[in-house]
Protein chains: 2
Amino acid sequence: MDVPAPPTRPARARATLLSLAQAAGVSISTVSRALRGDARISPATRRRIDALAAEAGYAPNALARTLLGGRSGLIGLVLGPMQNPFYPALLEELVAQAAERGLRLLLLHAGEGSMDDRTAQALLQYQVDGCLVTSAALPSRIAAICAGNDVPLVMINRVAREHGAAVCCDNAEGGARLADFLLAGGHRRFAVVGGNADTSTSLDRERGFVERLAARGVALACRFDGGATREGGWAAGERIAAMPPGERPDAVFAVGDGLAMGLIDALRAGAVPVGASVEGEGVEAAGAVSVVGFDGVAAALRPPYALTTIVQPLRAVVRRGLDLLLARMEDPAAPDELVTLRGTLHVGRSARLPAGAATGASHGDAGRETG
Amino acid sequence: MDVPAPPTRPARARATLLSLAQAAGVSISTVSRALRGDARISPATRRRIDALAAEAGYAPNALARTLLGGRSGLIGLVLGPMQNPFYPALLEELVAQAAERGLRLLLLHAGEGSMDDRTAQALLQYQVDGCLVTSAALPSRIAAICAGNDVPLVMINRVAREHGAAVCCDNAEGGARLADFLLAGGHRRFAVVGGNADTSTSLDRERGFVERLAARGVALACRFDGGATREGGWAAGERIAAMPPGERPDAVFAVGDGLAMGLIDALRAGAVPVGASVEGEGVEAAGAVSVVGFDGVAAALRPPYALTTIVQPLRAVVRRGLDLLLARMEDPAAPDELVTLRGTLHVGRSARLPAGAATGASHGDAGRETG
DNA sequence: TTGAAAGCGTTACCAC
DNA sequence: GTGGTAACGCTTTCAA
């Protein structure tokens, strides 16, 4: 192991402006300008340099660029627990859209636990241009750091307690819309399977639902705590299946699609028919329970769930989240802004239809902004 | 908007070595040394500088450091589709362990689609020290870039076709172990629900299972294509539930826990009892079907699934993946290495037990290395 | 149209 | 113990 023999490939140093300049017999300024498309470089020189760069596989050093005082192009990302199937979907969309805008995501945290100091420091050390947060629990910590260092922060699918920019779906309105749909379907006994008590998202959905019911003179028959997991939905479903048919609710709102899918599984396992049963093309089994959810994750929309749910305008949510962040990078003094996007009611077969309604249609102005 | 009035907070520039040096009345070398704990700085000076740095919220500029020729501390991360519940779990573990080692993850890609050129370039532009890949489809592209630029690359839960370092669970052995378990339980008609045909992971699991059966003189009764989704598991379950009890397999191996959970849901919805039925504490219902999975994701281990499955040693997989990567950063000429970790058989209640076996136990040497 | 040089924040080497 | 200085790769004046 002491032999200084070269490895298989001589490990050539990576190309830099200097190395290209020397190869081309020009100055590094010229190379820099040529590669950035500066107008005052002669076509001949440019071609020569371009060719050289391509051959060498030159990639500009983003770190050196940043040092000059420009943007780093890095966005800090803080993710909450990933059990909720909405978040993996959000992640995919976010990575794609960030890339389209030439931004890279620095993954600072994922999961339930809290962030250690070193990670929080990384946000500063790597000169992130901004920060995106989807976690319910962590924002306070990271928000403080961002605020103290002029790092813009935007929350996605969350609303900050005190301040901060955020984009999220109109949760209360969605809950209300679902209540309307179920009421129109002639349901009479309503239940809610709630989510995490500390997320504005869950609370708003439930509140919107319950208040709309109340406005129509209907009170909730029962309520279950579901947490954020499919497992929680199953537990609630088991309890509902165990109720005597007379007491059993005929319509259940699970505040997230994960919950709703677990709920449906439990009902089916308990031989309780769900919604306009999958078999019977609209012909509803006796004692069927209607289930509605919220989020519109792909797995919930398709069979075997065919969930009636509010579909979050995921692309628009992410797009506006990045818009907000970029705007705050331009102008750090921009006031806090809250963007609320209306979801779309997707009508599946997990809930009885109002007379005359058709399955599969989507209602509502997807992505229209309010607030 | 033309008023040049200062924003709420005067947006003080971030502290640097220079600003601290001026404040402390010393040179930047001294500040640098003091903050890095260099021995030859007088205690008094150090205290003064530490205090100043703390007050200013100083964070060293990782980009400037990297420019000096050191490590960037950045690891490029390429994630495949996130529907498989194993990947969100892997992501959480990876972020945590990377942070422990002082590494940050630059999220380059997530999802099914292919990577665009700009993203691939980012890998070079941000001077990543190495690259981690969990995707089945993308590696060839990114592998080429890494190989051409001396960026070490390690695959997690995947084995590269040609070359590259990788760490993954012993898939074939796990499949074989499950076959043994089911054979010992007295099952006679076996089925497999396969995964993506282009992932070594799925193929190895299935092969290990089938070959062990063959070695015991048993042939597969039937096989289903499940893809990588829970939905695929459900579809297979529906078809199994629809079979006449005589033809129906009495043991099914779904090559991933997501598949297995979907499968169980479908069986239960079809009133087909699963394993040592949840109700009957070991008392098995007539015509019960045993289901086993692979991965050991948290949701599958707990009720309502209580899946018998091979638990991947997730912590160890991630740890060894980072080990491999760090080793290759030290010595870029290190030969390709393949680390295979044995999983643990977790015995739940989704499959009939061999006579005398106990539920809940875990068997096997978790994380022992082979190859 | 091109080149030289300053400077971004840091570390390391060499003086003092 | 501490200070000066060069260097990392790049962009951007300012000169020519």
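So that the names make sense, note that chain A is the first sequence line, chain B the second, and so on, each numbered from 1.
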On DNA chain D, more 5' by nearest nucleotide between B/R33 and A/A59 is B/R33
So what does A/L68 touch, heavy atoms closer than 4.0 Å: a base, only the sugar-phosphate, or nothing?
base
In the 5' to 3' direction, the nucleotides of DNA chain C bounding the stretch that comes under 4.0 Å of a heavy atom in chain A are C/dT1 to C/dG9
For A/L17, answer base if it contacts any base atom (sugar-phosphate contacts may also be present), sugar-phosphate if it contacts only those atoms, and nothing otherwise; contact means non-hydrogen atoms under 4.0 Å.
base
DNA chain C nearest-nucleotide lookup for A/T30 and B/L63: closer to the 5′ end is A/T30
Footprint ends on DNA chain D, 5' to 3', for atoms under 4.0 angstrom from a heavy atom of chain A, come out as D/dG9 to D/dT13
Using a 4.0 Å heavy-atom cut-off across all strands, classify A/R65 as base, sugar-phosphate, or nothing.
-> sugar-phosphate
Here the salt bridge (charged side-chain N to carboxylate O under 4.0 Å, His left out) pairs for residues 61-81 of chain B, sequence neighbours left out, are B/R71-B/E330
- Message: Regarding B/T45, tell me which of base, sugar-phosphate or nothing describes its non-hydrogen contacts under 4.0 Å with the strands shown.
- Response: sugar-phosphate
Flag, side chain of A/R158 to backbone of A/A166, donor-acceptor distance under 3.5 Å
no
With a 3.5 Å distance limit and no angle check, can you tell me whether B/R315 reaches the backbone of B/E93 through a side-chain donor-acceptor pair?
no
Main chain of B/D38, side chain of B/R46: is a donor-acceptor contact present, judged purely on distance under 3.5 Å?
yes
Would you mind classifying the nucleic acid contact of B/S29 as base, sugar-phosphate or nothing, using non-hydrogen atoms under 4.0 angstrom? base
Paired with A/Q22, the side chain to side chain contact (heavy atoms under 4.5 Å, CB included) test is passed by just one of A/L18, A/L20, A/V26, namely A/L18
Under 3.5 Å, side chain of A/E92 to main-chain N/O of B/M82, donor-acceptor pair present?
-> yes
Checking the side chain of A/R328 only, and the main-chain atoms of A/P335 only, is there a donor and an acceptor separated by less than 3.5 Å?
yes
message = Quick check against the 3.5 Å criterion: does A/Q125 have a side-chain atom that pairs as donor or acceptor with the backbone of B/A62?
response = no
